[in-house]
Amino acid sequence: MKVLIVGGGGREHALAWAVAKSPKLTKLYAAPGNAGIAACAECLDIGAEDLDGICAAVKDLGIEFVIVGPEAPLVAGLADRIDAMGIPVFGPSAAAAEIEGSKGMMKDLLAKYGIPTADYERFDEPDAAKEYIRIKNHPVVVKADGLAAGKGVILSHTINEAYAAVDQIMIEEAFGDAGAEIVIEEFLTGEEASFFALCDGTRAIPLAGAQDHKQVHDGDHGPNTGGMGAYTPAPVLDEAMEKRIMDEIVTPTVEGMAKEGKPYKGVLFAGLMIGEDGPKVIEFNCRFGDPECQPIMSRLKSDALEMLLAAAKGELDKIKLKWDPRAALTVVMAANGYPGKYAKGTEIRGLDDADAMDDVTVFHAGTKTDGNGRMLANGGRVLGVTALGNTVEDAQKRAYDAVDAIDWPEGFCRRDIGWRAVGR
Ligand code: AMP
Ligand code: GLY
């Protein structure tokens with residue numbers, strides 16, 4: 001089978017690496033891919049958001065299955081276009097991707113089907129929003145409705161902070177059109193975790209739980225990033241909690257989406273708050289997490305191509321997943337300055353030494369090679385150094401040993417990835 005992976009980050013490297021192991025694969029392409037993905041796929045010079053370019057390549061190259069990594073092309077309708085060509089595609093339709101693309105739509109769906117989440121209200125003008133904040137008179141979270149590249153969420157501890165957040169989103173248009181509408185919701189407390197389920201339109205099966213580290217510095221300090229590291233499984237999501245998440249959140253969501261005429265296919269990524277009264281949805285994403293995908297794929301023992309294809313074709317009843325019982329942990333190495341300004345083009349050495357270590361895989365997120373075969377940084381988040389271990393603590397030690405084998409003075413990482421699980 002000829003397969004195309006859309007995207008060029010660490011998540012897509014992990015998907016490509018996993019799919020490349022399938023005996024069913026004859027040829028793997030990536031659009032646009034990166035220098036790490038190039039080791040297992042032919043990289044096409046087509047951007048992940050160039051829908052016309054991707055559809056033309058699918059036709060010209062005789063691609064038989066498309067796997068979409070990032071949310072933007074899904075929200076823009078890439079899966080609908082591939083589907084219309086009669087080719088299976090992993091990832092939801094534009095209508096179903098709204099679960100991530102519109103926070104208001106997502107919250108209305110949860111309310112309609114009784115799925116636990118923070119209390120909320122939607123607004124399309126600032127005065128009514130401020131009146132709601134004044135009456136509520138407790139900490140709230142103000143969210144731009146649309147896609148804002150992981151930003152667009154402002155946690156407000158006081159009324160004045162919440163007013164300022166409304167102004168920032170609706171009047172100063174800090175997130176552009178994404179903030180034309182907003183959601184204001186109750187501030188949840190508890191432990192955050194991510195849960196991933198595969199969906200085929202009518203059914204869902206659990207994949208894995210994981211925990212991410214969004215802030216840039218150790219101890220969860222500093223500005224938010226796309227994610228500085230992750231591990232799986234997450235001890236807070238034990239078997240009993242996983243069952244509750246499937247019964248109370250994932251299954252009703254998939255059934256609700258089908259009833260709404262927007263059957264959900266692909267991976268459902270639930271960002272959860274695990275509080276005293278159980279799991280509540282913070283957000284849904286219509287794609288794998290990055291970096292959560294890297295440790296999850298490292299633990300998958302089943303054929304990844306078969307698994308993703310079964311979800312795309314509505315055949316999840318035909319597969320049973322096998323997992324490595326060990327834990328996996330990914331440390332993200334980023335360019336100095338990230339998530340603010342950073343330099344591109346600095347040289348990274350020692351990658352082969354790190355990759356050669358037992359149970360270590362270095363996934364590339366933002367890399368390219370120069371004409372002399374040197375590996376260069378080409379983004380903010382650059383590498384996802386991933387290791388398996390008998391415990392999260394063991395995986396953490398192995399991952400940092402591999403980090404220490406990499407010679408990249410212009411890069412940095414957090415030193416405490418996995419602290420919640422290790423400290424438990
Ligand atoms: P989101 O982009 O929706 O994932 O929000 C970013 C981060 O804001 C989440 O990972 C949470 O840490 C935090 N957050 C969002 N909504 C809430 C909420 N209702 N209560 C507490 N924290 C929240
Ligand atoms: N790591 C969080 C995300 O992919 O949204």
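Whatever order the structure lists ligands and atoms in, that order sets their numbers, starting from 1. We use all heavy atoms of the structure for the numbers below, so side chains are in, but hydrogens, waters and symmetry mates are not.
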Enquirer: With a cut-off of 4.0 Å, which atoms of ligand 1 are near a heavy atom of Glu185?
Expert: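 Numbered from 1, ligand 1 contributes 16 (N), 17 (C), 18 (C), 19 (N).
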Enquirer: List ligand 1 atoms under 4.0 Å from Lys214, heavy atoms only on the residue side.
Expert: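 Those qualifying, in numeric order: 4 (O), 10 (O).
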Enquirer: Decide whether an N or O pair under 3.5 Å exists between Gly226 and ligand 2.
Expert: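 Yes, at least one N or O pair falls under 3.5 Å.
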Enquirer: Considering all heavy atoms of both residues, which atom of Ile406 and which atom of Ala354 are nearest to each other, and what is their separation?
Expert: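 Reported closest heavy-atom pair: CG1-CB, 3.7 Å.
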Enquirer: If the cut-off is 4.0 Å to any non-hydrogen atom of Gly289, which atoms of ligand 2 fall inside it?
Expert: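 Reading through ligand 2 atom by atom, the close ones are 4 (O).
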Enquirer: Where do Arg398 and Ala387 come nearest, in terms of heavy atoms and distance?
Expert: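 Here Arg398 and Ala387 meet closest at CB-CB, 3.6 Å.
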Enquirer: Do Phe123 and Tyr132 make the cut of ring centroids closer than 6.0 angstrom?
Expert: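 Yes; Tyr132 has its ring centre under 6.0 Å from that of Phe123.
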Enquirer: With atoms numbered from 1 as shown, which atoms in ligand 1 lie under 4.0 angstrom from a non-hydrogen atom of Val141?
Expert: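 In order of numbering, the contacting atoms are 16 (N), 17 (C), 18 (C), 19 (N), 20 (N).
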Enquirer: Pick, from Met106, Glu283, Lys143, the option with the minimum heavy-atom distance to atom 16 (N) of ligand 1.
Expert: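 The residue whose heavy atom sits nearest atom 16 (N) of ligand 1 is Lys143.
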Enquirer: N/O of Leu188 under 3.5 Å from N/O of ligand 1, yes or no?
Expert: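 Yes; the residue has a nitrogen or oxygen that sits under 3.5 Å from a nitrogen or oxygen of the ligand.
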Enquirer: Out of all atoms in ligand 1, which are within 4.0 Å of some heavy atom of Phe187? Include the element for each.
Expert: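 Taking each heavy atom of Phe187 in turn, ligand 1 has 20 (N), 21 (C) under 4.0 Å.
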Enquirer: Are the side chain of Tyr400 and the backbone of Asp416 linked by a donor-acceptor contact shorter than 3.5 Å?
Expert: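 Yes: the side chain of Tyr400 pairs with the backbone of Asp416.
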Enquirer: Have a look at Val236 and tell me which of Arg420, Met241, Glu192, Gln211 forms a side-chain contact (heavy atoms from CB on, under 4.5 Å) with it.
Expert: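 So the option named by the test is Gln211.
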Enquirer: How does Met228 reach ligand 2, by side chain, by backbone, by both or by neither, if only non-hydrogen atoms under 4.0 Å count?
Expert: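 Met228 to ligand 2: no contact under 4.0 Å from either part.
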Enquirer: Identify the protein heavy atom lying closest to atom 3 (C) of ligand 2, giving its residue, its atom name and the separation to 0.1 Å.
Expert: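 The protein heavy atom lying closest is Arg287 NH1, 3.6 Å.
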Enquirer: Is Lys214 close to ligand 2, meaning an N/O of one under 3.5 Å from an N/O of the other?
Expert: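 No; every N/O pair is 3.5 Å or more apart.
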Enquirer: Which of the numbered atoms in ligand 1 are below 4.0 angstrom from a heavy atom of Leu155?
Expert: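 This gives 8 (O), 13 (C), 14 (N), 22 (N), 23 (C) as the contact atoms.
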Enquirer: Give the atom numbers and elements of ligand 2 that come within less than 4.0 Å of a heavy atom of Phe269.
Expert: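 In order of number, 3 (C), 4 (O), 5 (O).
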Enquirer: Is the backbone N or O of Asp220 less than 3.5 Å from a side-chain atom of Gln215, with the two atoms forming a donor-acceptor pair by type?
Expert: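 Checking the backbone N and O of Asp220 against the side chain of Gln215, a donor-acceptor pair under 3.5 Å is found.
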Enquirer: Are the side chain of Thr386 and the backbone of Gly384 linked by a donor-acceptor contact shorter than 3.5 Å?
Expert: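 Yes, because the side chain of Thr386 sits within donor-acceptor range (under 3.5 Å) of the backbone of Gly384.
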Enquirer: Consider ligand 2: state whether an atom of it lies below 4.0 angstrom from any non-hydrogen atom of Pro291.
Expert: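 Yes, that is the case, since the closest heavy atom of the residue is under 4.0 Å from the ligand.
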Enquirer: Does Asp218 use its side chain to pair, donor to acceptor, with the backbone of Arg414 at less than 3.5 Å?
Expert: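 No; judged by distance alone, with no hydrogens or angles, the pair does not exist.
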Enquirer: Report, in ascending order of atom number, the atoms of ligand 1 lying under 4.0 Å from any heavy atom of Lys103.
Expert: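 Selected atoms, number and element: 3 (O).
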Enquirer: Heavy-atom distances under 4.0 Å decide this one: backbone, side chain, both or neither, for Glu292 against ligand 2?
Expert: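 The side chain, only.
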Enquirer: With atoms numbered from 1 as shown, which atoms in ligand 2 lie under 4.0 angstrom from a non-hydrogen atom of Asp212?
Expert: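 Atoms satisfying the 4.0 Å criterion: 1 (N), 2 (C).
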Enquirer: For Ile417, is there any backbone N or O sitting under 3.5 Å from a side-chain donor or acceptor partner on Gln396?
Expert: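 A pair under 3.5 Å: yes.
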Enquirer: So is there a nitrogen or oxygen of Asn224 less than 3.5 Å from a nitrogen or oxygen in ligand 1?
Expert: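 No: no nitrogen or oxygen of Asn224 is under 3.5 Å from one in ligand 1.
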Enquirer: Backbone N or O of Gly8 within a donor-acceptor pair of the Asn34 side chain at under 3.5 Å?
Expert: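 It does hold such a pair.
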Enquirer: Between Arg287 and Phe269 (side chain of the first, backbone of the second, donor and acceptor by atom type, cut-off under 3.5 Å), is there such a pair?
Expert: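 Flag not set: sc Arg287 to bb Phe269 has no pair under 3.5 Å.
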